[in-house]
Amino acid sequence: QVQLVESGGGLVQAGGSLRLSCAASGRTLSNYNMAWFRQAPGKEREFVGAVNWLGGKLYADSVKERFAISRDNAKNTVYLQMNSLKSEDTAVYYCAATGRGVVRVREGYDYWGQGTQITVAS
């Protein structure tokens with residue numbers, strides 16, 4: 001079992017930046033591919049980006065060039081650096097882990113954090 005805990009959410013002005021952290025316990029993260037998803041009110045949970053165990057990264061088109069995922073296996077933590085935030089980035093952000101391949105759909109992930117709220121004020 002992997003337990004994931006997100007932190008770093010909050011309220012930010014449009015154009016600002018935030019960094020989310022996802023701390024894992026129970027298993028070492030180096031064995032897992034990691035992803036970030038987000039869910040806005042009334043919308044489906046959507047893929048934001050992922051980093052595989054080798055460090056390869058994949059992003060949704062809507063966040064490419066603005067968001068960056070990184071991982072520190074020594075700290076068992078994954079990060080999401082979010083820059084140039086827009087009001088449409090407002091959502092609950094979730095960290096997820098899988099022992100399978102990186103995919104863009106939530107069904108591909110076995111472990112989830114509880115989520116952290118990001119609100120971008122315009």
Side-chain angles (χ1 to χ4, degrees):
Q1 285 285 347
V2 177
Q3 291 80 44
L4 302 172
V5 178
E6 302 95 337
S7 61
L11 174 66
V12 63
Q13 293 294 316
S17 298
L18 277 177
R19 188 177 81 155
L20 304 183
S21 299
C22 172
S25 61
R27 295 280 179 89
T28 177
L29 268 190
S30 60
N31 295 330
Y32 292 88
N33 296 318
M34 303 297 298
W36 288 93
F37 284 74
R38 66 186 182 186
Q39 188 165 16
K43 294 189 176 181
E44 295 291 318
R45 192 170 298 188
E46 66 173 359
F47 175 80
V48 174
V51 55
N52 67 19
W53 65 281
L54 291 172
K57 298 167 189 177
L58 183 66
Y59 295 99
D61 289 343
S62 59
V63 306
K64 202 177 295 184
E65 309 299 334
R66 299 189 299 122
F67 290 11
I69 293 176
S70 60
R71 64 191 299 162
D72 186 336
N73 290 333
K75 294 184 177 179
N76 238 24
T77 301
V78 175
Y79 304 97
L80 180 66
Q81 177 66 44
M82 305 183 293
N83 301 321
S84 302
L85 283 160
K86 306 175 182 179
S87 57
E88 51 263 44
D89 295 319
T90 294
V92 177
Y93 283 70
Y94 297 89
C95 175
T98 181
R100 296 169 283 168
V102 169
V103 293
R104 295 174 180 260
V105 295
R106 61 183 296 181
E107 290 79 9
Y109 294 84
D110 306 304
Y111 305 102
W112 292 85
Q114 82 290 347
T116 186
Q117 175 72 47
I118 304 298
T119 302
V120 183
S122 56

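A distance of 11.5 Å separates CD in Gln13 from OG1 in Thr119, rounded to the nearest 0.5 Å. To the nearest 0.5 Å, the span separating CD on Gln117 from OG1 on Thr90 amounts to 7.0 Å.
Other members of the cluster containing Val48 are Val2, Leu4, Val12, Leu18, Leu20, Leu29, Tyr32, Met34, Trp36, Val51, Tyr59, Val63, Phe67, Ile69, Val78, Leu80, Met82, Leu85, Tyr93, Tyr111, Ile118, Val120, with ILVMFWY side chains joined at under 4.5 Å, either directly or via other members.
Listed by chain and number, the residues in a side chain to side chain contact (heavy atoms under 4.5 Å, CB included) with Ser7 are Ser21 (sequence neighbours excluded). Legend: residues meeting side-chain hydrogen bond (donor to acceptor under 3.5 Å, both in side chains) with Ser84, ordered by chain and number and at least two apart, are absent. In this structure, the side chain to side chain contact (heavy atoms under 4.5 Å, CB included) partners of Val102, at least two apart in sequence or on a different chain, are Asn33, Ala50, Asn52, Leu58, Tyr109. When the side-chain hydrogen bond (donor to acceptor under 3.5 Å, both in side chains) test is applied to Arg66, the partners found at least two apart in sequence or on another chain are Asp89. Residues meeting the salt bridge (Lys or Arg N to Asp or Glu O under 4.0 Å) test with Lys75, sequence neighbours left out: none. Residues satisfying the side chain to side chain contact (heavy atoms under 4.5 Å, CB included) test with Asn83, not counting sequence neighbours, are Ser17, Gln81. In this structure Gln3 satisfies the side chain to side chain contact (heavy atoms under 4.5 Å, CB included) test together with Gln1, Ser25, sequence neighbours excluded. Listed by chain and residue number, nothing satisfies the side-chain hydrogen bond (donor to acceptor under 3.5 Å, both in side chains) test with Lys86 (two or more places apart in sequence, or in another chain). Asp110 meets the salt bridge (Lys or Arg N to Asp or Glu O under 4.0 Å) test with Arg100; sequence neighbours excluded.
Between Arg104 and Phe47 the shortest heavy-atom distance is O-CB, 3.2 Å. For the residue pair Ser122 and Ser87, the shortest heavy atom distance occurs at CB-CB, 4.4 Å.
The salt bridge (Lys or Arg N to Asp or Glu O under 4.0 Å) pairs that include a residue from residues 42-57 are Arg38-Glu46, where partners are two or more places apart or lie in different chains. The list of disulfide bond (SG atoms under 2.5 Å apart) pairs with a residue in residues 8-78, not counting sequence neighbours, reads Cys22-Cys95.
By the 6.0 Å contact criterion, CH2 on Trp53 is open, its count of non-hydrogen atoms from other residues, nucleotides or ligands being 12 or less.
Here the side chain of Gln39 pairs no donor or acceptor atom with the backbone of Ala91 at under 3.5 angstrom. Here the side chain of Ser30 pairs no donor or acceptor atom with the backbone of Asn73 at under 3.5 angstrom.
A continuous path of ILVMFWY side-chain contacts below 4.5 Å connects Val105 to Trp112, so both sit in one hydrophobic cluster.
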